[in-house]
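Please read the structure below before turning to the comments.
Worth knowing before you read on, the calculation uses all heavy atoms, side chains too, and leaves out hydrogens, waters and symmetry mates.
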Amino acid sequence: MRNALCTLFLSLSLSATAAAGTLINLEEAAEVMALSLQLNGKSSARVYARICDDCELLALQADASTRIERGRSLLSLEQAAQLKDRGATVLFDPATLRITRILYWN
């Protein structure tokens, strides 16, 4: 019964999506085991990341509007650059490769 309900919900969701138009991917995520921010001055930085193991290496750009979180704390680019080799999820705009958020795991 549960599988039937899941299948029905998925079918309805896909039908609604097709009727509404094309979905646009606003944000993509890359999980980086050892994140290293390379500062380009005080207000910008670069991160190299892959979305998957076999995917191409992307050069992502962070700026002053990038939200960087570690636990409940917000960090600046300079503070985040000091956290070498820490795991994080990097969320970015796939059209511009601009980083919107960095979420440190620990």
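- Remark: R98 pairs with D63 by the salt bridge (Lys or Arg N to Asp or Glu O under 4.0 Å) rule, at least two apart or across chains.
- Contact of the K42 side chain with the E78 side chain is registered, since non-hydrogen atoms from C-beta on lie closer than 4.5 Å.
- A distance of 10.5 Å separates CD of E28 from CG of D93, quoted to the nearest 0.5 Å.
- A distance of 15.0 Å separates CD of E69 from CH2 of W105, quoted to the nearest 0.5 Å.
- In this structure, the side chain of R70 engages the main chain of N106 through a donor-acceptor pair within 3.5 Å.
- Every residue meeting the side-chain contact (heavy atoms from CB on, under 4.5 Å) condition with Q38, not counting sequence neighbours, appears here in chain and number order: Y48.
- Here OG1 of T66 is found 9.5 Å from CD of Q61. Values are rounded to the nearest 0.5 Å.
- Dense packing is recorded around CG of L74, with more than 12 heavy atoms of other residues, nucleotides or ligands lying under 6.0 Å away.
- Scanning all heavy atoms of the two residues, the minimum distance from R50 to C55 falls at NE-O, 2.9 Å.
- Clustering of Ile, Leu, Val, Met, Phe, Trp and Tyr side chains at separations under 4.5 Å places V47 together with V32, L35, L37, L39, I51, L58, L60, I68, L75, L77, L83, V90, F92, L97, I99, I102, Y104.
- Here the side chain of Q79 pairs a donor or acceptor atom with the backbone of S76 at under 3.5 angstrom.
- Using modelled atom types and a 3.5 Å distance limit, the side chains of T100 and E27 yield a donor-acceptor pair.
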